[in-house]
2 protein chains.
Amino acid sequence: MQFNWDDMRTILALVRGGTLAAAADDLSVTYTTVARRVQRAEEQLGRALFERRPEGYLPMQEACDLAAAAARMEAEEHQIMRQLTGRDQSLSGPLVLTAPQLLIQSHLAPLITGFCDQYPDIELTVRATNEILDLTRREADLAIRISASPGDTLVGHRLCDQRNGCFATPPLAAAAAADPQAVLNWVVYTAYDSPPQSAQKHYPNFHIRARFDDMSSMVAAARAGLGALRMPLFLARDLPDLVPLPQVAPQDYAPIWVLSHRDLLQSKKAQVLKDALRRYFRAHQSEFFDLPAQM
Amino acid sequence: MQFNWDDMRTILALVRGGTLAAAADDLSVTYTTVARRVQRAEEQLGRALFERRPEGYLPMQEACDLAAAAARMEAEEHQIMRQLTGRDQSLSGPLVLTAPQLLIQSHLAPLITGFCDQYPDIELTVRATNEILDLTRREADLAIRISASPGDTLVGHRLCDQRNGCFATPPLAAAAAADPQAVLNWVVYTAYDSPPQSAQKHYPNFHIRARFDDMSSMVAAARAGLGALRMPLFLARDLPDLVPLPQVAPQDYAPIWVLSHRDLLQSKKAQVLKDALRRYFRAHQSEFFDLPAQM
DNA sequence: TTGCATACATGCATTTACGCATGGCCAACA
DNA sequence: TGTTGGCCATGCGTAAATGCATGTATGCAA
């Protein structure tokens with residue numbers, strides 16, 4: 001009575017995903033394979049685990065329990081893998097970094113290029129996403145995060161403080177400066193209802209032209225003249241066609257951290273990347289904190 | 001970076017077994033497969049896990065750590081499997097019973113036959129071994145054990161008390177009775193140095209003809225006239241050519257228990273077998289505790 | 001030394017698992 | 001009522017994992 005462990009992992013993925021396709025995606029196989037593995041597991045156990053429904057596989061109680069056990073097994077796997085990686089003193093093999101898209105596009109790309117040149121045997125994977133990846137689950141080895149504090153279970157190092165500011169195309173900025181009481185057009189992030197208070201103090205009348213859930217698109221819209229926007233100062237360096245709104249001071253924003261799991265503290269690969277990041281941010285500190293000098 | 005869980009299980013088996021063959025045996029595959037899985041795992045991790053030696057695979061630190069994690073995963077697997085089995089209210093499918101060889105040969109065989117007739121859909125496996133199988137690791141569902149008390153983690157039910165006595169062929173017994181001071185030949189279990197005290201009281205002069213590590217063989221030798229022996233009373237019923245040594249009273253011995261894991265208490269299959277065992281031992285109690293009536 | 005047993009390594013044939021493509025079912029929507 | 005997109009089921013060809021057979025090294029005992 002030997003039960004295939006990878007079948008347990010498959011059941012876990014299917015309970016998590018709800019459909020064959022989602023589970024298959026998670027496991028990097030086709031859903032055909034998932035279906036067959038589940039079928040095999042059910043035959044071995046001599047009982048059904050899922051209800052086949054048009055909208056997906058509905059896990060029954062047994063499947064949920066199996067998945068819970070598999071989740072604990074998965075935690076064991078992640079832990080030992082972290083420990084093995086952490087003990088690794090080589091400068092070769094895989095290393096995964098996650099960072100906000102914006103940061104990579106605007107600043108980190110050259111650093112990454114330099115790093116890859118310096119350590120050609122390290123197979124660096126960059127996951128440019130704004131989602132919070134789970135370092136415990138080894139979705140990444142190092143994470144660059146913008147937040148007030150690092151998570152509790154992770155160890156972090158503060159790379160630098162940053163601020164954001166309000167920008168617009170030169171004509172828009174000039175018009176606003178000429179008549180602060182006139183209605184000022186804005187593009188805002190979906191999370192916010194209105195332009196920042198610091199801007200409303202000098203430009204009380206505003207009109208929100210559009211909302212965006214993506215900062216890159218928002219910047220593009222602002223450059224096209226759709227309206228003013230608030231954005232991190234570190235974006236300003238590469239956007240000379242956006243100028244600060246006169247009279248609006250930069251505001252403090254969450255600092256930038258580099259985080260890793262405790263188990264990876266000793267990892268040489270993670271260390272050298274962390275060092276490179278620290279050097280970079282120390283050298284470029286002012287780009288994150290100060291308004292660019294007017295040209 | 002997905003690591004195959006069954007490769008972890010393979011590493012565990014190899015660390016435990018020490019050689020490819022032992023691990024392969026444990027996993028019910030060929031050692032070729034074990035070797036290849038280990039090779040694959042090492043490639044994926046980018047480091048060696050075992051030293052190949054002429055006397056076997058010697059695990060390095062990493063392999064030991066991996067095995068430790070895999071052992072915890074295995075514990076999870078066993079637990080969930082026990083729970084699923086325990087919840088099973090069907091009277092079909094596999095069920096594993098372990099019991100001492102002697103008990104099965106002498107008494108339980110007809111009970112097992114009756115049980116299989118009554119529940120033809122239960123696929124009963126009987127493991128007739130004197131080794132203590134690990135119910136936690138699902139090596140068996142139910143165990144019949146002869147011991148002073150059930151283990152601490154298991155739940156048990158006392159089936160009956162038993163005693164043992166001293167027996168010999170009729171000529172040998174008659175000769176001893178005629179002259180208690182004469183030298184009496186014995187066959188003894190390897191664990192014991194000398195005949196039981198209860199016998200030495202009346203027959204102080206003894207000579208050990210042979211030692212055995214197997215009770216069946218010992219009985220065969222005694223029947224062939226090699227010497228007297230101590231054996232459980234329950235063996236006497238089927239051995240009319242061995243008679244009790246006169247003047248030697250039966251001695252208390254450890255009672256007989258039926259044990260199961262806590263998780264299996266609710267299992268219908270285990271319940272019905274346990275009930276059958278209890279009925280059997282209640283009905284045949286005296287065969288385990290009393291000397292057979294002389295014919 | 002010469003078997004002999006036990007270990008690992010390797011090449012080849014087969015089985016097994018897998019991915020792909022097709023088809024059916026059901027719901028949402030025009 | 002047709003259409004589209006999301007599911008799942010099934011059949012077929014391929015690729016990967018496995019088993020078997022052979023070869024080699026090592027240690028033990030006659």
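Bear in mind that the values here come from a model prediction, so they are computed numbers and not experimental data. Numbers restart at 1 for each chain; the letters A, B, ... are given by sequence-line order, proteins then strands.
For B:Leu14 and B:Arg36, each mapped to the nucleotide of DNA chain C holding its nearest heavy atom, the one lying further toward the 5' end belongs to B:Leu14.
OP1 or OP2 of C:dC18 sits under 4.0 Å from a side-chain N or O of A:Arg37. For the OP1/OP2 pair of D:dT18 and a distance below 4.0 Å, the side-chain nitrogens and oxygens of B:Thr32 include no atom meeting the criterion. Of the side-chain N and O atoms in B:Tyr57, none sit less than 4.0 angstrom from OP1 or OP2 of C:dT6. Contact annotation: B:Arg40 reaches the phosphate of D:dA17 (side-chain N/O to OP1 or OP2, under 4.0 Å). Residue B:Thr33 places none of its side-chain N or O atoms closer than 4.0 Å to OP1 or OP2 of D:dA17. A sub-4.0 Å separation between OP1 or OP2 of C:dG19 and a side-chain N or O of A:Thr30 is present.
The CG-P distance, from A:Leu27 to C:dG19, rounds to 10 Å in whole Å. In this structure, the CD atom of B:Glu51 is 14 Å from the P atom of C:dC8, given to the nearest Å. The distance from atom CD of A:Glu55 to atom P of C:dA28 is 10 Å, rounded to the nearest whole Å. As rounded to whole Å, 7 Å separates atom C1' of D:dC8 from atom CG of A:Leu20. Residue B:Asn4 contributes atom CG, which lies 14 Å from atom C1' of D:dT18 at whole-angstrom precision. A straight line from CG of B:Asp25 to C1' of D:dT18 spans 17 Å, rounded to a whole angstrom. In this structure, CD of A:Gln39 is placed 15 Å from C1' of C:dT16, rounded to the nearest angstrom. For A:Leu58 and C:dC26, the CG to P distance is 17 Å, given to the nearest whole Å.
For the pair B:Glu42 and B:Arg47, the salt-bridge criterion is not met [side-chain N within less than 4.0 Å of a carboxylate O].
Side-chain atoms of A:Tyr31 come within donor-acceptor range of the base of D:dC8, with a qualifying N/O pair under 3.5 Å.
Applying the ring pair (Phe, Tyr, Trp, His ring centres under 6.0 Å) test to A:Phe50 and every residue at least two apart in sequence or in another chain returns A:Tyr57.
Judged purely by distance below 3.5 Å, without hydrogens or angles, the side chains of A:Arg138 and A:His78 never pair a donor atom with an acceptor atom.
With rounding to the nearest 0.5 Å, the separation of CG in A:Asp6 from CG in B:Asn4 is 4.5 Å.
Judged by the 6.0 Å and 45° rule, A:Arg230 forms a cation-pi pair with A:Tyr192.
Taking every side-chain heavy atom of A:Arg52 into account, D:dC8 is the closest of D:dC8, C:dA7, C:dA9.
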